[in-house]
There are 2 protein chains.
Amino acid sequence: MTLPKLTKLEHQIMEALWNRGASSVREIQEAFPEKDRPAYTTVQTMVYRLEAKKAIKRVKKIGNAHVFAAAISRSAAQRRLIDELLSFFGGRIQPVVAHLIESGKLTLDDVDEAKRALRKLARKDKPK
Amino acid sequence: MTLPKLTKLEHQIMEALWNRGASSVREIQEAFPEKDRPAYTTVQTMVYRLEAKKAIKRVKKIGNAHVFAAAISRSAAQRRLIDELLSFFGGRIQPVVAHLIESGKLTLDDVDEAKRALRKLARKDKPK
DNA sequence: CATTGTCACCTACACTTGTAGTAGATCTAA
DNA sequence: TTAGATCTACTACAAGTGTAGGTGACAATG
């Protein structure tokens, strides 16, 4: 597995690392909203598991504390999430888009922007 | 919880019910691709769990076998999946759309179709 | 240097998910 | 009517996930 599968909480840890850059367990823990912040050792456990999965790595040591950094990119992790969702839909985006529209989360502006992005991509790809 | 959270396998069971309509455990099991088809009792367990979650219900009995039917709509379940994904992205669709484009899964046609759907929606919602 | 707070590391545990076996009820066909 | 097929209902269990306590090492400070 090139990209490890991450659980919800693991994702939140990664999120902290992506946002803050290399951090200690304590820093990651404190990045959680004070309301529903897991115990220090809970975060620590997840950090260890992420390390075992090679999603993060120890980059240095400050005092006796280890400092961890993401070893996989946010982009790659996000891609994986989306691919997983799509697999639920048989790989077809249409129903996904339909739901986004229905829920009012996809606006005309979003669509226009997507269109621009696609055109740009087309110009870059076609004239090979 | 109005809408129960479904696991991957539970989703597959639901999929069978949505596709085939009310079915017995055996029928659901046989709806799985022969390659990697779970044991009868595995499906049965999931069916029981789905029943406990009120996602399906017993509608009748044929012989000594119960027949189950979906109690939640595919659409509602799909919506939930998407909302869950979006929550990972802080509720913002833009990065989702960006990834769909990058992975080549979102085409210009898809976008145009989405646009038409949105315009239609706008016409229906605004004049009121 | 002794105390106090922090951290690492190990261990534990309950809950969820996927997987399936077993025992006994029930149906069905000969 | 009885033996085999099928089903239900119950039980079990390993892996994964979230949660955290305990113990000893280490650092900072009076």
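Fair warning: this is a prediction, and the values are worked out from it, not measured in the lab. By convention in this document, chain letters (A, B, ...) are assigned in the order of the sequence lines, proteins followed by strands, and residues within each chain are numbered from 1.
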Original post:
Can B:K8 be said to sit on top of A:F88's aromatic six-ring, NZ or CZ under 6.0 Å from centre and within 45° of the ring axis?
Top reply: yes
**OP:** Salt-bridge test for B:R58 and B:E51: reply yes if a basic N is under 4.0 Å from a carboxylate O, no otherwise.
**Re:** yes
Original post:
Ignoring hydrogens and angles, does a donor from either the side chain of A:R49 or the base of D:dG16 sit under 3.5 Å from an acceptor on the other?
Top reply: no
Original post:
Separation of B:K5 atom NZ from D:dT17 atom P, in whole Å?
Top reply: 11 Å
**OP:** Measure the distance from CD1 on A:I62 to P on C:dA8 and round it to the nearest whole Å.
**Re:** 11 Å
Original post:
Do B:M14 and B:L3 share a hydrophobic cluster (ILVMFWY, side-chain heavy atoms under 4.5 Å, transitive)?
Top reply: yes
Original post:
For DNA chain C, which residues in residues 26-48 of chain A have a heavy atom at a distance below 4.0 Å?
Top reply: A:R26, A:Y40, A:T41, A:Q44, A:Y48
**OP:** Rounded to the nearest angstrom, tell me the gap between atom CZ in B:R58 and atom C1' in D:dT8.
**Re:** 8 Å
Original post:
Hey, can you pull the residues of residues 15-23 of chain A with a non-hydrogen atom under 4.0 angstrom from DNA chain C?
Top reply: none
Subject >> Separation of atom CD in B:Q12 from atom P in C:dT17, rounded to whole Å >> reply: 14 Å
**OP:** Determine whether the side chains of B:Y40 and B:Q44 contain a donor N or O and an acceptor N or O closer than 3.5 Å.
**Re:** no
**OP:** Provide, to the nearest angstrom, the distance between the NE2 atom belonging to B:H66 and the P atom belonging to C:dC27.
**Re:** 11 Å
**OP:** Report yes or no: does A:N19 contribute a side-chain atom to a donor-acceptor pair with the main-chain N or O of A:E15 at less than 3.5 Å?
**Re:** yes
**OP:** Give a yes or no answer on whether the side chain of A:T45 reaches the backbone of A:V43 with a donor-acceptor pair at less than 3.5 Å.
**Re:** no
Original post:
When you measure from the side chain of A:L9, which nucleotide among D:dC7, D:dG18, D:dA9 comes out closest?
Top reply: D:dG18
Subject >> Distance, rounded to the nearest Å, where A:N64 contributes CG and C:dC7 contributes C1' >> reply: 5 Å
Subject >> Test item: B:R20 side-chain N/O and B:I28 main-chain N/O as donor-acceptor pair under 3.5 Å >> reply: no
Subject >> Residues which pass ring pair (Phe, Tyr, Trp, His ring centres under 6.0 Å) with A:H99, listed by chain and number, not counting sequence neighbours >> reply: none
Subject >> Residue pair B:E30, B:R37: steps toward the salt bridge (charged side-chain N to carboxylate O under 4.0 Å, His left out) verdict >> reply: CA-CA 8 Å; B:E30 283 171 356; B:R37 172 180 295 167; 5.4 Å; no
